Amino acid sequence: MKNHLKHLLLFAMLTVCSVATAVAQATLKGKVVDAETKEPLIGATVAVSGTSLGSITDIDGNFTVEIRAKKAVLVFSYVGYSELRREVNVSGSKADLGEIALTPDAVGLEEVSVIASIIKSDRQTPIPISNVKLAQIEEKVGNLEFPELLKSTPSVYVTRESGGYGDSRINMRGFDSSNLGILINGVPINGMENGKVYWSNWSGLSDVSQFIQVQRGLGASALGLSSVGGTMNMVTKSTEAKRGGSAYFGIGNDGYRKYSVSLSTGLMDNGWAVTLMGALNTGDGYVKGTNYEGWTYFGNISKVINEHHKLSLTAFGAPQWHNQRGTMHYIEDYKNSPDGGRFNNGYGYINGVLTGSGYGYNFYHKPQISLNHYWTINEQSSLSTSLYASIATGGGRRVRGNHTEWLTIDYNTGRPKDGAMMTTDGLIDFHSAMEANAASENGSEVIFTNAINDHKWYGLLSSYKNRFTENFTLTGGFDGRYYRGYHAEKIDDLLGGAYYAPGSKALDFQTSDAILKEGDYVQYYSVGEIVWAGLFAQAEYTKEKWSAFLSASLTEEAYRYHDRGGAPIDGKKISDFYHFLPWSVKGGFNYKFTKNHNVFVNAGYFTRAPFFNAVFPNNNIVANDNAPYEKIMTFELGYGFSTHNFNLALNGYYTRWNDKTTRRQIGDEYANITGLDAVHMGVELEATYKPVENLELKGMFSYGDWKWADDVNFTLYDDMGAPIGTYNAYVKDVHVGNSAQMTGALSASWEMFKGLKLSVDYNYAGKNYADFDPSNRTDKSDAGVDAWKLPDFYTIDLGMSYRFDLCKGLKAVVYSNVYNLTNTRYIADAKDGANHDWRSALVYYGFGTTWSTGFKIMF
């Protein structure tokens with residue numbers, strides 16, 4: 001009887017376990033799509049509320065997820081879309097939920113993504129991409145510079161360079177910002193005259209960005225952009241679809257303080273929506289003598305007129321001032337300084353106020369205003385138009401006069417010039433210079449000027465898209481721009497003197513015995529004028545297994561120089577217009593075989609007009625008629641593997657660049673180099689793995705081989721634009737410098753329990769060479785000698801965020817980050833020296849351990 005009872009109990013237990021197991025193995029499936037376009041959302045998160053179970057959607061938006069109860073709440077989320085919660089009852093072991101439609105969480109966000117050429121999946125478009133989403137921006141940014149958010153992206157190298165606020169730089173595949181396409185909401189922001197992007201002008205981007213997409217190589221933008229290395233698309237937060245707001249306060253190392261507030265009406269019944277945001281950053285700076293103050297403002301007013309028309313007005317700006325470290329230094333000088341890598345000797349004090357000297361102070365304000373109209377013509381076609389303007393003002397400090405050596409650090413050595421006035425603690429002695437100016441019978445012998453770089457930039461960008469069939473889409477548009485850049489120096493401070501006498505350097509509208517005061521022009525005064533009109537078109541064909549695209553652009557660019565400060569040449573002070581007609585063509589093919597694998601190939605060829613400075617190298621109206629078009633050819637091959645919890649992307653690239661133009665500063669002189677060839681090739685690997693819903697692991701590795709391909713000659717000019725001489729530079733087979741050619745990263749993000757997320761990031765940089773100085777490569781003995789190779793290094797960052805309900809209607813989150821946890825001492829930037837070794841190189845050290853923490857309330 002006992003044995004029968006045992007068997008009965010065992011049978012009952014097995015029955016219960018079997019039922020429980022059956023419930024545990026209940027599988028739900030479905031497809032997550034955009035509520036308006038019905039396009040699949042790839043990589044959307046599907047979580048089972050209250051558990052660690054979940055999944056992400058595949059390349060077709062499909063998902064499967066297991067639940068362990070008869071009833072469950074599924075939470076669907078995707079960047080840029082409102083979260084959706086859905087309760088599900090399970091009656092069997094399987095259930096098909098059909099389509100789950102998510103709606104954008106910001107008005108016009110979907111349309112901005114279209115005009116900005118945002119790729120939703122690299123499994124559909126044959127271009128390698130990397131995304132940084134809003135949550136990552138908020139969790140990691142702290143007191144980092146905006147470009148540093150991308151430092152774990154393959155083939156990307158970011159440094160804070162001189163260490164001043166906003167002075168960071170970013171290179172992609174060895175190319176600097178002048179050779180990347182950088183856009184905000186689809187509007188290009190690369191400088192019209194030299195292609196550069198100065199991040200201090202955009203220091204508030206981390207406060208207003210919804211997400212960032214990096215497209216390496218050709219990029220998907222149909223615009224005629226000079227994106228040799230890749231394209232960066234920053235999409236701002238636009239107007240929130242929900243009513244609410246937030247307030248933030250943060251602190252960090254070296255006096256860092258940040259305050260921000262945002263308010264949004266949400267989309268109201270009358271179709272209007274308004275979002276406003278403001279922020280303040282201030283601090284002493286990690287490097288000595290680099291205190292700063294930066295403001296950010298953002299506003300968006302949107303109107304949903306009807307189902308066919310939307311209007312969106314956006315204004316964004318980040319006025320700032322910051323003291324800078326104006327020169328690199330020898331490694332020996334850092335070692336001998338008690339400040340180590342923070343060493344800076346280019347500043348002092350005037351009446352107790354910290355003051356940077358030449359190249360030691362910057363101020364700028366570059367607002368951007370855009371009016372966007374989105375017209376959904378019908379189910380197949382749409383027209384997106386952006387009318388924008390940017391009116392910028394600001395500049396940087398220079399030292400001028402008969403005795404500039406009193407207040408000058410030698411740009412070529414990082415050491416005070418002979419005759420420099422220095423205090424006993426090694427800082428610039430402004431007091432002694434001001435006394436000398438006050439005692440001089442000839443007015444100020446040394447003064448501060450501001451090198452002004454104001455501009456007015458107006459543009460119209462319009463893109464028409466038509467999905468003729470389910471498979472074929474055609475996009476075409478117009479890119480028009482008008483730009484006037486004002487370049488001058490104005491006296492900012494007479495430094496104790498009564499006036500300044502320019503003497504032989506008087507401008508054309510000044511007499512030779514001119515007596516100048518603060519606010520007067522000195523040195524030079526010119527205007528650069530550029531007219532730009534471009535057409536672009538792109539055709540895409542998509543099938544279930546494969547997709548392809550072909551795009552082309554043609555741009556008319558016209559340059560004209562106004563020399564307001566110089567004497568007339570042949571009776572003229574305004575040059576003729578010089579016209580260029582660059583063009584591009586690119587295409588790609590992607591093939592998906594089986595459910596999880598895809599391969600792609602892309603190639604392109606384009607020409608680029610020489611930069612404005614290459615056309616007018618003498619800083620007057622005499623143009624260089626022989627300035628060549630730059631010619632770029634690129635090819636790429638890639639492979640992707642994707643499952644519901646694992647993604648891998650591998651690609652290789654080859655880029656040949658002929659007749660590159662570059663401009664290098666050498667002390668108060670500069671070299672204008674044309675006809676430089678380079679070859680950039682390499683491989684990139686990126687992977688993401690989510691073993692469970694609350695744990696994400698990422699890794700990347702990139703290896704490049706980037707070299708200059710020929711020797712060139714260059715002309716050296718003085719600070720007034722007068723040619724000094726022409727020289728040969730022996731650079732063939734020298735590695736392209738100032739960008740690590742081998743990088744790696746590993747990261748883990750773990751939601752330990754609901755609301756608490758921990759992260760760790762490891763970043764490695766190697767095969768980094770010093771940037772070449774053409775003046776150090778004019779002897780034949782330099783031929784075949786590579787630039788100095790910097791030591792490899794790694795850094796480790798830690799992060800923590802905790803989200804919780806503060807009280808009814810109020811939510812809060814605490815952020816905390818430690819960067820370079822191990823206080824690794826590393827060289828981030830270097831300029832090659834005469835001996836091509838570490839002793840003669842000039843360098844910037846990277847930052848040691850820094851930290852930040854912040855508290856945000858959302859309502």
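None of the values given here were measured: they were computed from a predicted structure. FYI, side chains are in, hydrogens and waters are out, and symmetry mates aren't considered; it's all heavy atoms of this structure.
Other residues, nucleotides and ligands place more than 12 heavy atoms under 6.0 Å from the NE2 atom of H365. Around atom CH2 of W321, more than 12 heavy atoms belonging to other residues, nucleotides or ligands sit under 6.0 Å away. Atom CG of N351 sits in a sparse spot, with 12 or fewer heavy atoms from other residues, nucleotides or ligands closer than 6.0 Å.
Checking side-chain atoms of E332 against main-chain N and O of R839 turns up no donor-acceptor pair under 3.5 Å. Judged by distance alone, with hydrogens and angles left aside, the side-chain atoms of N190 form a donor-acceptor pair with the main-chain N or O of S177 at under 3.5 Å. Panel note: side chain S840, backbone N835; a donor-acceptor pair is recorded below 3.5 Å. Not one N or O on the side chain of Q523 forms a donor-acceptor pair closer than 3.5 Å with the backbone of A451. With hydrogens and angles ignored, the 3.5 Å screen pairs no side-chain donor or acceptor of N437 with any backbone N or O of G496. Judged by distance alone, with hydrogens and angles left aside, the side-chain atoms of R342 form a donor-acceptor pair with the main-chain N or O of Y286 at under 3.5 Å. A donor-acceptor contact shorter than 3.5 Å is absent between the side chain of N402 and the backbone of E445. S432 places no side-chain N or O within donor-acceptor distance of the main-chain N or O of D429, the cut-off being under 3.5 Å. Side chain of Y559 to main chain of P610: a donor-acceptor pair is present (N/O by atom type, distance under 3.5 Å, no hydrogens or angles). Using modelled atom types, one side-chain atom of T355 and one backbone atom of V353 make a donor-acceptor pair closer than 3.5 Å.
When all heavy atoms are compared, the tightest approach of T327 to Y411 is CG2-CA, 3.9 Å. Residue F611 comes nearest to E193 through the heavy atom pair CB-O, 3.5 Å, listed as atom of the first residue, atom of the second, then distance. Listed here is the closest heavy atom pair of G485 and H455: CA-CB, 3.9 Å. Looking at every heavy atom in both residues, G255 comes nearest to D284 through CA-OD2, 4.0 Å. The shortest non-hydrogen separation linking A315 to I369 is CB-CG1, 4.1 Å.
Between the side chains of Q320 and N362, at least one donor-acceptor pair of N or O atoms lies under 3.5 Å. No donor-acceptor contact under 3.5 angstrom links the side chains of S440 and N442, judged on distance only. For the residue pair D563 and N620, no side-chain donor N or O sits within less than 3.5 Å of a side-chain acceptor on the partner. For the residue pair N768/Y157, the side-chain donor-acceptor check at 3.5 Å is satisfied. Between N776 and D832, the side chains place no donor N or O within less than 3.5 Å of an acceptor N or O (distance only, hydrogens not considered). No donor-acceptor contact under 3.5 angstrom links the side chains of Y361 and R397, judged on distance only. Between N619 and H487, the side chains place no donor N or O within less than 3.5 Å of an acceptor N or O (distance only, hydrogens not considered).
Rounding to the nearest 0.5 Å gives a distance of 4.0 Å between CZ of R608 and CD of E630. In this structure, E405 CD and M421 CE are separated by 8.5 Å, a value rounded to the nearest 0.5 Å. The distance from the OH atom of Y844 to the CD atom of E161 is 6.0 Å, given to the nearest 0.5 Å. Residue N344 holds its CG atom at 10.0 Å from CD of Q324, rounded to the nearest 0.5 Å. Distance check: T449 OG1 to D520 CG gives 12.5 Å after rounding to the nearest 0.5 Å. Taken from CG in D254 to CG in N143, the straight-line distance is 9.0 Å, to the nearest 0.5 Å.
Taking the six-membered ring for Trp, Y561 and Y578 have ring centres at least 6.0 Å apart. Ring to ring, Y198 and Y364 are not that close: their centroids are 6.0 angstrom or more apart. In this structure, F448 has its ring center closer than 6.0 angstrom to the ring center of F430.
Between H403 and W406, the angle of the ring planes stays under 30°, which puts this pair in the parallel group of the 30/60° scheme. Ring-plane geometry between Y525 and F509 is classed as perpendicular, the angle between the planes exceeding 60 degrees on a 0 to 90 degree scale with a lower cut at 30. Using bins of under 30°, 30° to 60° and over 60° for the plane-to-plane angle, the ring pair H579/F577 lands in the tilted bin.
Under the side chain to side chain contact (heavy atoms under 4.5 Å, CB included) test applied with R777, the options V712, V734, D711 reduce to a single match, V734.
Using a 4.0 Å cut-off between charged nitrogen and carboxylate oxygen, R400 and E489 count as a salt-bridge pair. Taking 4.0 Å as the cut-off between side-chain N and carboxylate O, E529 and R560 count as a salt-bridged pair.
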task = For side-chain contact (heavy atoms from CB on, under 4.5 Å), just list the numbers for D493 and E518, CA-CA rounded to whole Å, side-chain angles, deciding distance to a tenth of an Å, and then say yes or no.
result = CA-CA 6 Å; D493 195 332; E518 292 174 1; 3.8 Å; yes
For the pair R169 and D176, evaluate salt bridge (Lys or Arg N to Asp or Glu O under 4.0 Å) and give the outcome as yes or no after the intermediate values.
CA-CA 8 Å; R169 65 176 180 87; D176 63 15; over 6 Å; no
Item to complete: Would you please test Y165 and E293 for side-chain contact (heavy atoms from CB on, under 4.5 Å) and show each step?
Response: CA-CA 8 Å; Y165 176 73; E293 182 177 277; over 6 Å; no
Margin query: Go through it in stages, so that I can follow the logic: the residues are I409 and Y359, the test is side-chain contact (heavy atoms from CB on, under 4.5 Å), and I'd like the CA-CA distance, side-chain angles, deciding distance and then a yes or no.
Written below: CA-CA 9 Å; I409 303 300; Y359 300 99; over 6 Å; no
Notebook entry, point to check: Going through the checks in order, is the side-chain contact (heavy atoms from CB on, under 4.5 Å) test met by I621 and F616?
Noted result: CA-CA 7 Å; I621 67 170; F616 299 100; 5.6 Å; no
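Residues S390 and I189 form no side-chain contact, since every pair of their non-hydrogen atoms from C-beta on lies 4.5 Å or further apart. Looking at heavy atoms from C-beta onward, I827 lies in side-chain contact with W788 at the 4.5 angstrom threshold. Looking only at side-chain heavy atoms (C-beta outward), Y845 and Y334 come within less than 4.5 Å of each other.
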